[in-house]
Every structure is written in structure tokens, then in C-alpha cells.
Amino acid sequence: MDTTYQVNGMTCGHCVNAVSAELTALPGVTDVQVDLVTGRVTVTSQDPLDTGAVRAAVDEAGYDLVGA
């Protein structure tokens with residue numbers, strides 16, 4: 001299952017790596033693709049993800065989840 005999120009504040013490769021690492025650590029996540037230019041993050045998971053958990057992971061990386 002793919003879910004796309006909008007993340008604000010990413011400006012470089014380190015940002016992409018930080019967000020990817022935090023989201024990959026969530027249970028059930030099998031892949032994370034980050035588009036630095038648009039701020040879109042597509043998360044592939046076995047089951048639907050809890051938006052609160054995704055928000056917490058993005059926050060832990062130091063960025064902001066928009067909407068959701």
C-alpha cells in the first residue's frame with residue numbers, strides 16, 4: 001500500500017536521509033521514496049499507517065508533515 005505525504009523543510013540530501021530513516025523504522029514500512037524538490041514522500045507499507053505515527057517520525061527527523 002502506497003501513501004503519499006507532504007513534508008516541509010527539507011532542503012538537502014541529509015534531510016532526505018533523515019526523513020527516510022525515521023519513516024523506515026515504523027513497523028510495516030517496506031519502502032520510502034522522497035522527492036526533495038516537491039517535498040512529497042511516498043511510503044510503502046504492508047498495512048495502512050497511523051497518521052500520528054507518521055507525523056511523529058517526520059517530527060523526530062526535524063521536519064513538518066503538512067495536512068493529514
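- Listed by first and then second residue, the side-chain hydrogen bond (donor to acceptor under 3.5 Å, both in side chains) pairs that reach into residues 13-23 come to none, sequence neighbours excluded.
- For the side chain to side chain contact (heavy atoms under 4.5 Å, CB included) test, residues two or more places apart in sequence or in another chain that qualify with Thr30 are Thr44, Gln46.
- With sequence neighbours excluded, no residue forms a side chain to side chain donor-acceptor pair (under 3.5 Å) with Thr24.
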Side-chain donor-acceptor pairs under 3.5 Å in residues 32-41, sequence neighbours left out?
from: Gln33; atom 1: NE2; to: Asp31; atom 2: OD1; distance (Å): 3.3
from: Gln33; atom 1: NE2; to: Asp31; atom 2: OD2; distance (Å): 3.1
from: Asp35; atom 1: OD1; to: Val37; atom 2: N; distance (Å): 3.1
from: Asp35; atom 1: OD1; to: Thr38; atom 2: N; distance (Å): 3.3
from: Thr38; atom 1: OG1; to: Arg40; atom 2: N; distance (Å): 3.2

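- Atom CD of Gln6 sits about 9.0 Å away from atom CG of Leu65, to the nearest 0.5 Å.
- Scanning all heavy atoms of the two residues, the minimum distance from Cys15 to Gly9 falls at SG-O, 4.4 Å.
- Just one of Leu49, Val19, Val58, Val66 meets the side-chain contact (heavy atoms from CB on, under 4.5 Å) condition when paired with Tyr5; it is Leu49.
- Remark: Thr3 engages no residue in a side chain to side chain donor-acceptor pair (under 3.5 Å) (not counting sequence neighbours).
- Residues meeting the side chain to side chain contact (heavy atoms under 4.5 Å, CB included) test with Ala53, sequence neighbours left out: Leu26, Asp50.
- Residues satisfying the side chain to side chain contact (heavy atoms under 4.5 Å, CB included) test with Ala18, not counting sequence neighbours, are Ala61, Tyr63.
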